[in-house]
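Reckoned from all heavy atoms, side chains included, excluding hydrogens, waters and symmetry mates. Quick caveat, the model's predicted, so the values are computed rather than measured.
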Amino acid sequence: MEDDCKPLLSSEQTAESQSYGGSTDSLDVKVKRPFHVEPRNIVDHDPQERVSAEAAILNSRVHYYGRLTASSDRLLSPPNHVIPHPEEIYVYSPLGTAFKVTGSDHSSKNPSIVTIFAIWNTMMGTSILSIPWGIKQAGFTLGILILIFIGLLMLYCCYIVLKSPKAIPYVDTSHWEFPDVCRYYFGAFGQWSSLVFSMVSLIGAMVVYWVLMSNFLYNTGQFIYNYAHNVNASDSEFGTNGSERVICPYPNTGPGGNSTMASLFINSSSSGNETSDFTSFEHWWSKTNTIPLYLIVLLLPLLCFRSASFFARFTFLGTISVIYLIALVTIKSVRLGFHLEFHWFETSGFYVPEFRVCFPQLTGVLTLAFFIHNCIITLMKSNKNQENNVRDLSVAYLLVGLTYLYVGVLIFASFPSPPLFKDCIEPNFLDNYPSSDVMVFVARTFLLFQMITVYPLLGYLVRVQVMGQIFGKHYPSFFHILALNILIVGSGVLMAKFYPNIGSIIRFSGATCGLALVFVFPALVHMISLKRQGALRWPSAVFHSLLILLGLANMVAQFFT
């Protein structure tokens, strides 16, 4: 019976077919010689399509060819012209069923340059707005060093995640994501814990989006109202004078700050009624009291859509917004010039020291800023040249790191000190520009529209993962989806009202999800894989154990800074 155990498919595989892990979804028809069933021989087109008696007879013939091709004589292989097209291929099962091979469309694969910028665009989220604040919290010199170090560390952990499915022997992992790898090594605990921490990152991002959308909508409405009513609000803001105005929203936080804000100056032609109208506008157009509630009317219905494919068409707005932000930062920095003094350990006048003890706040922000580990495997599957995955991932991380460095360094260096002090840099650096600034108004409008389109996509990802795990369906019912969306929106409204500090929200959510999905699980998976191969050595064990301790320290430090 030994011959009956021989495969029906050719045992010879090219390097290309091996790279696909033997999946039928990426079947190389010229090498594996799958069983072909004519469409007329398919009895019923259901998920397990029954084959006719004629197809069964043809299977016996192919079984005979399979035995011949298992020999060393390649001339006995069926010629290529008898192999059907990929869309006509079925794989026959001894149970009398035929499974259609979808085939991989190699023409749809992306070249390396497209893959690199897809990763760059995915990572370029709201964290870029908090990088200058994080550098200020760590100190200019220490902040730059930490940004480079965390970027390299996150790249290495992402490399582990990318390689983890291929290190599992005898299992088809071509459709696996990292939670599947965690389930393989750690069972149900690994699957559910990876889901929980993935939800932390997604819901944390949605909360940050709600706070920022409230901010951008408030400033956009403020700009339109002031322009329409000829209101000059500049005297109510502590900041610089001139065309490139920079403000300090909380001037009492640093040396020489004045906590008493000047009263609002309205154009002398304004009447008492206009003053009353402005007071009423301020009452109904409040950044923390009313705007977060107004957004519910717009966004809660969008979250309940069954499909988010419509919103996916607007993802290009993220690239446009980042490019515009880079241009805005460049123009502002050129006009303001650099304002730097180096004081290494103590605050001096208007400047912060180069090394500060609250540097973990920056590490928390950067953990989320460089976080792409939960979707990197999917992104890399579309790369045309799979052998270049590591190189393309490294180039993408390099571009992301350079972008963060560029924005963070220029905003910090050009912040006008004096008359302002560096501690005035806000968690959202756009808050350091008045609502009357036209260029910043355009940036806020771009970002607001982009976030309105991306927010339902994030909600869709949360819904798919949560409902899929609990109910086995992505859309169990409208009321299930509504209840989940109310919880998500409620958390965003509460944070926008009582704690609208995106820097702290980002660093806590980044440190939490990074603890599991960046440091603990990748390091443990790598060490277990090496141990099973008999290749684990003590330097590797020590290094990856230190990674776990570093992730834990990053998480704990957020509560003490």
Side-chain angles (χ1 to χ4, degrees), residues 125-151 153-154 204 208 211-212 215 246-255 257 329 333 338-371 400-401 403-417 420-433 495 499-512 514-515 550-551 553-561:
T126 55
S127 301
I128 192 173
L129 299 174
S130 296
I131 296 296
W133 172 81
I135 291 179
K136 180 257 296 187
Q137 295 298 92
F140 185 62
T141 301
L142 183 59
I144 294 175
L145 296 177
I146 288 177
L147 196 153
I148 297 172
F149 174 73
I150 295 295
L153 208 59
M154 297 285 286
V208 171
V211 174
L212 286 175
N215 184 311
V246 179
I247 65 173
C248 183
Y250 305 101
N252 59 324
T253 59
V329 169
S333 300
F338 284 178
H339 304 268
L340 289 173
E341 284 186 11
F342 295 93
H343 305 275
W344 298 105
F345 297 103
E346 294 182 0
T347 301
S348 176
F350 296 94
Y351 299 92
V352 298
E354 300 301 302
F355 298 90
R356 305 183 76 179
V357 295
C358 47
F359 68 87
Q361 297 184 11
L362 176 60
T363 62
V365 170
L366 291 176
T367 306
L368 192 62
F370 285 109
F371 181 72
V400 171
T403 304
Y404 288 152
L405 271 177
Y406 185 82
V407 172
V409 168
L410 285 188
I411 290 295
F412 182 91
S414 64
F415 195 81
S417 301
L420 304 181
F421 36 90
K422 296 292 186 182
D423 258 328
C424 278
I425 298 177
E426 287 292 294
N428 172 10
F429 74 82
L430 293 180
D431 286 344
N432 287 117
Y433 299 99
M495 295 301 289
Y499 193 71
N501 187 324
I502 66 166
S504 294
I505 301 172
I506 289 174
R507 67 186 179 94
F508 275 104
S509 59
T512 303
L515 172 64
L550 189 61
N554 183 37
M555 176 65 192
V556 173
Q558 304 306 318
F559 296 94
F560 297 97
T561 57

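Residues Ile502 and Pro427 share a closest heavy-atom pair of CD1-O, 3.8 Å. Taking all atoms of both residues into account, the shortest heavy-atom contact from Leu420 to Val246 is CD1-O, 3.6 Å. Annotation for Ile425 and Trp133: closest pair O-CD1, 3.5 Å, computed over non-hydrogen atoms. Across Gly408 and Pro132, no two heavy atoms sit closer than the pair CA-CG, 3.9 Å. The nearest pair of heavy atoms linking Arg356 to Gln137 is CB-O, 3.3 Å. Nearest heavy atoms, Ser414 versus Ser333: OG-OG, 3.4 Å.
Formation of a donor-acceptor pair under 3.5 Å by the Asn554 side chain with backbone atoms of Ala511 is not found in this model. Checking side-chain atoms of Lys422 against main-chain N and O of Phe412 turns up a donor-acceptor pair under 3.5 Å. When atom types are taken as modelled, the side chain of Ser504 and the backbone of Asn501 share no donor-acceptor pair closer than 3.5 angstrom.
Taken from OH in Tyr404 to CG in Leu147, the straight-line distance is 9.0 Å, to the nearest 0.5 Å. To the nearest 0.5 Å, atoms CG (Asp423) and NZ (Lys136) are separated by 5.0 Å. Atoms OG1 and CG, on Thr141 and Leu145 in that order, are 7.0 Å from each other to the nearest 0.5 Å. To the nearest 0.5 Å, atoms CD1 (Ile506) and OG1 (Thr126) are separated by 4.5 Å. Note that the CG atom of Asp431 and the CD1 atom of Ile247 stand 7.5 Å from one another [nearest 0.5 Å]. Atoms CG and CD, on Leu340 and Glu354 in that order, are 8.0 Å from each other to the nearest 0.5 Å.
If you check the side chains of Ser130 and Asn428, you find no donor sitting under 3.5 Å from an acceptor.
Of the options Ile150, Ile505, Ile135, Ile131, a side-chain contact (heavy atoms from CB on, under 4.5 Å) to Val365 is made by Ile131 and by none of the others.
Taking 4.5 Å as the limit, every side-chain heavy atom of Phe429 sits out of range of all side-chain heavy atoms of Phe415. Counting only heavy atoms from C-beta outward, the side chains of Gln558 and Thr512 never approach each other to under 4.5 Å. Inter-residue side-chain proximity for Leu410 and Phe338 is flagged as met; some heavy-atom pair is nearer than 4.5 Å. When side chains are defined from C-beta on, Arg507 counts as touching Thr561, because their heavy atoms get closer than 4.5 Å. In this structure, Leu212 and Val208 have side chains that are in contact, with non-hydrogen atoms separated by less than 4.5 Å. Side-chain contact between Leu550 and Leu153 is present, with heavy atoms from C-beta onward closer than 4.5 Å. Counting only heavy atoms from C-beta outward, the side chains of Glu426 and Pro249 approach each other to under 4.5 Å.
If you look at Phe421 and Tyr351, their ring centroids are not closer than 6.0 Å.
Using the six-membered ring where Trp is involved, Phe140 and Phe342 have ring planes that are tilted, between 30° and 60° apart.
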Stepwise side-chain contact (heavy atoms from CB on, under 4.5 Å) check, Leu368 with Ser509: CA-CA 7 Å; Leu368 192 62; Ser509 59; 3.7 Å; yes

